[in-house]
Amino acid sequence: MKIKSKLSTIIQKALNNANIETSDIVISDATKPEFGDYQFNGIMKLAKQLRKNPREIASTVIEKIDTTNIIEKVEVAGPGFINIWLSNKWLANEATDILDDPRVGVGFVEKPQKVVVDYSGPNMAKQMHVGHLRSSIIGDTIATLLEFLGNDVIRQNHIGDWGTQFGMLIAYLEEQGADGNQNLKDLEQFYKDAKKRFDESDEFANKAREYVVKIQQGDPHCLELWQKFIDISLQHCEDVYKKLSVKLTRDDVRAESFYNPRLPKVVETLQNRGLLVDSNGAKCVFLDGSDVPVIVQKGDGGYLYATTDLAGLEFRAKDLKANRICYVVDARQGEHFKQVFTIAKKADMVDNSVQLEHIAFGTMMDKSGKPFKTRDGGTVKLIDLLDEAVIRAKETIKQRNTHSQEELDKVANAIGIGAVKYADLSINRESNYLFSWDKMLSFDGNTALYMQYAYARIGSIFRKYDGELKGQIIIDDEIEHRLALIILKFEDTLLKASKEATPHTITSYLYDLVTIFMKFYEQNPILKDDIEPDIKMSRLLLSKLTANVIKKGLDILGIEVVDKI
RNA sequence: GCACUCGUAGCUCAGCUGGAUAGAGCACCCGCCUUCUAAGCGGGCGGUCUCAGGUUCGAAUCCUGACGGGUGUACCA
């Protein structure tokens with residue numbers, strides 16, 4: 001339900017009827033319950049323009065506000081705020097209407113866009129590590145969210161499958177012969193072993209260099225080995241995606257190497273547009289205000305990542321015909337994206353109407369505030385981190401002793417993985433964030449577990465009640481009013497989250513929803529003997545709706561719910 | 001040096017396209033289970049929103065500057 005937009009329309013009409021001209025009506029959530037459900041703060045500004053007393057204007061305006069349906073009452077408060085209370089009856093009817101709606105009241109956007117979301121982007125030479133975690137889950141959430149709202153989303157996994165280190169890896173793979181496949185199980189070790197050989201043996205090092213050239217020239221044997229290597233490495237990533245419930249598949253892979261044939265054309269285009277300058281042998285673009293160039297071709301003829309990204313931008317805009325292109329990449333690359341976005345538009349590789357966005361995120365820190373590493377300073381493998389999350393989750397729920405072994409595995413998986421993802425998604429993505437097992441696996445506060453627990457509690461109600469679910473929601477008190485209202489705010493929340501690409505908007509919402517539900521649950525008994533049948537049904541329906549929103553909300557975040565904890 | 005970014009309760013974080021007395025969780029203290037999952041709920045304690053100016057009827061929010069932390073800055077990605 002787009003409540004804010006409905007209220008804007010009503011206020012707009014009221015202002016028109018009061019002969020006041022204005023353009024943008026911004027409706028805000030009320031800052032406190034005493035101030036109603038929503039407020040309109042624009043009167044003070046208008047009063048200034050009209051050189052009139054704001055309270056007087058507000059009083060005139062509220063006379064004109066239509067209170068026959070959505071709005072229960074309005075009030076002038078303070079220097080000229082208009083506070084708005086929604087009607088219980090309206091909330092109850094709207095909530096009842098979406099009981100069987102799988103979208104829980106969320107519509108489709110009016111103008112669907114074609115959106116490319118570029119995320120995850122692992123390097124094929126190494127195993128996925130914690131550095132890939134944020135991009136993978138933030139990107140997946142944004143893609144899922146945009147898709148759910150009705151946009152045409154194209155996921156792009158820009159995997160690193162090209163570069164000098166591959167010569168070394170492939171040479172080593174060949175040297176290992178049949179054992180190569182076996183040894184590739186541990187990519188990290190394989191890389192280390194190859195590097196060791198490279199450093200020890202000149203003969204091997206030379207061979208590795210030869211292989212780089214051979215791959216680039218398209219030597220069939222080398223390409224075959226390379227392909228084999230990429231397949232196995234990609235399989236590792238897919239194992240991680242599966243464990244993480246990240247929806248990326250092989251169809252979404254658009255590797256770095258894909259753009260190789262297009263790189264000379266990028267340089268040519270820039271040349272033709274007169275953007276290219278030769279500097280110290282390298283081909284560069286100088287953007288105004290900076291002495292430091294963006295290099296697109298090295299002195300030795302090699303290309304750089306700016307070149308690849310430019311080719312990617314052009315491909316996405318022209319071939320994929322995207323209206324919006326989102327790069328879910330570490331904040332440290334902010335300058336790089338600013339540069340390539342500017343160049344791409346200047347060179348008409350991307351039309352001006354295309355929205356280019358760097359969805360930046362901060363670094364994952366450990367308890368002491370330093371970048372997250374293993375005890376000996378190495379990078380933490382993602383798969384290890386996830387396994388540990390599940391083990392820890394299992395420890396915490398074992399005490400309950402309510403599950404069979406099979407259930408325990410399933411529940412621990414949902415809770416452990418959910419905890420890791422939620423902890424990441426629930427903070428403003430642009431700031432660095434502190435990774436804490438204790439915090440993320442707590443039942444208290446804004447955690448996945450708290451949401452999952454609420455869902456399970458509702459599940460418990462319905463295990464006890466197995467009658468029909470049919471009837472009308474009746475709003476009887478303050479807490480039911482708040483619960484119905486927040487359920488109907490789901491769409492406004494998702495719209496905000498998609499506009500700003502901020503998953504934490506969704507987690508904050510879910511936390512508020514669940515907090516209100518928990519209060520409702522404490523205050524308003526449902527299955528007690530002395531509850532009137534229509535009240536009982538209404539409360540059951542409100543619980544059911546709450547569960548539906550929790551489930552859908554967590555689903556967008558890529559987190560599973562369980563019926564029992 | 002220059003650019004970007006952050007600075008809110010003891011800790012971790014919301015709030016930032018200007019609005020009313022700045023909010024949560026953790027920690028600490030006090031209550032509530034013969035009652036739908038107490039891994040819950042209620043109450044209390046806790047603040048010069050880094051500092052100084054400015055714009056405004058109104059600033060945590062916008063502007064300028066200072067201080068402090070992080071990051072990036074020519075042939076890696």
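Labels below follow one simple rule: chain letters A, B, ... track the order of the sequence lines, proteins then strands, and each chain is numbered from 1.
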Engineer: Please classify the nucleic acid contact of A:D309 as base, sugar-phosphate, or nothing, using heavy-atom distances under 4.0 Å.
Structural biologist: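 No contact.
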Engineer: Please measure how far the C1' atom in B:G15 lies from the corresponding atom in B:A22, and state the result in whole Å.
Structural biologist: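 Rounded to whole Å, the distance is 8 Å.
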Engineer: With sequence neighbours left out, write down each residue that passes side-chain hydrogen bond (donor to acceptor under 3.5 Å, both in side chains) with A:K126, or none if nothing qualifies.
Structural biologist: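 In terms of side-chain hydrogen bond (donor to acceptor under 3.5 Å, both in side chains), with neighbours along the sequence ignored, A:K126 is linked to no residue.
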Engineer: Base, sugar-phosphate, or nothing: which does A:N53 touch, judged by heavy atoms less than 4.0 Å apart?
Structural biologist: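 Nothing, no heavy atom under 4.0 Å.
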Engineer: Under 3.5 Å for both distances, Watson-Crick or G-U wobble, that's the pair rule; now give the dot-bracket for RNA chain B, with | marking pairs to another strand and [ ] for crossing ones.
Structural biologist: (((((((..((((.....[...)))).(((((.......))))).....(((((..]....))))))))))))....
Engineer: Once you apply a heavy-atom cut-off of 4.0 Å, does A:H504 come out as touching a base, just sugar-phosphate, or nothing?
Structural biologist: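 A:H504: backbone/sugar contact only, no base atoms under 4.0 Å.
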Engineer: How about A:K394: does its NZ atom have over 12 heavy atoms from other parts shown lying under 6.0 Å from it?
Structural biologist: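 Counting other residues, nucleotides and ligands, NZ of A:K394 exceeds 12 neighbours.
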Engineer: Is it the case that A:K489 places NZ or CZ above or below the six-membered ring of A:Y38, under 6.0 angstrom from the centre and within 45 degrees of the axis?
Structural biologist: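 Pair A:K489/A:Y38 counts as cation-pi.
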Engineer: How many whole angstroms separate atom CD of A:E256 from atom P of B:C76?
Structural biologist: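 Computing the A:E256:CD to B:C76:P distance gives 13 Å.
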Engineer: Which residues in residues 526-543 of chain A have at least one heavy atom lying under 4.0 Å from any atom of RNA chain B?
Structural biologist: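 Contacting residues: A:I526, A:L527, A:K528.
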Engineer: Determine the contact category for A:N428: base if any of its heavy atoms lies under 4.0 Å from a base atom, sugar-phosphate if only primed atoms, P, OP1 or OP2 are that close, otherwise nothing.
Structural biologist: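 The residue A:N428 makes sugar-phosphate contact but no base contact.
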Engineer: Classify A:I295 by what it touches in the nucleic acid, base, sugar-phosphate, or nothing, heavy-atom distance under 4.0 Å.
Structural biologist: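 Counting heavy atoms under 4.0 Å across all strands, the contact made by A:I295 includes a base.
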Engineer: In whole angstrom, give the distance that lies between atom CG of A:L287 and atom P of B:U73.
Structural biologist: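 After rounding, the gap between these two atoms is 16 Å.
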Engineer: Assess whether atom CD of A:E532 is packed by more than 12 heavy atoms of other residues, nucleotides or ligands within 6.0 Å.
Structural biologist: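 At most 12 heavy atoms, drawn from other residues, nucleotides or ligands, come within 6.0 Å of this atom.
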Engineer: Show your reasoning for whether side-chain contact (heavy atoms from CB on, under 4.5 Å) applies to A:K52 and A:L46.
Structural biologist: CA-CA 9 Å; A:K52 279 187 177 167; A:L46 283 167; over 6 Å; no
Engineer: Strictly under 4.0 angstrom, non-hydrogen atoms only: write out the protein contact profile of nucleotides 1-8 of chain B, one letter per nucleotide from the 5' end, B, S or -.
Structural biologist: --------
Engineer: So what does A:G299 touch, heavy atoms closer than 4.0 Å: a base, only the sugar-phosphate, or nothing?
Structural biologist: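 Since a base atom lies under 4.0 Å of A:G299, the category is base.
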Engineer: Taking NZ from A:K370 and P from B:U71, how many angstroms apart are they, rounded to a whole number?
Structural biologist: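 It is 12 Å, rounded to the nearest whole Å.
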Engineer: May I ask you to say what A:S279 touches in the nucleic acid, namely base, sugar-phosphate or nothing, with a heavy-atom cut-off under 4.0 Å?
Structural biologist: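 Here A:S279 touches the bases of the nucleic acid.
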Engineer: Kindly write out the residues that satisfy side-chain hydrogen bond (donor to acceptor under 3.5 Å, both in side chains) with A:Q39, not counting sequence neighbours, or none if the list is empty.
Structural biologist: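 Listed in chain order: A:T31.
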Engineer: How about A:S543 and A:T546: does a side-chain donor come under 3.5 Å of a side-chain acceptor?
Structural biologist: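 There is no such pair between these side chains.
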Engineer: Using a 4.0 Å cut-off on protein heavy atoms (strictly under), produce a 5'-to-3' string for nucleotides 19-32 of chain B with B for base contact, S for backbone-only sugar-phosphate contact, and - for none.
Structural biologist: BBS-SSSS------
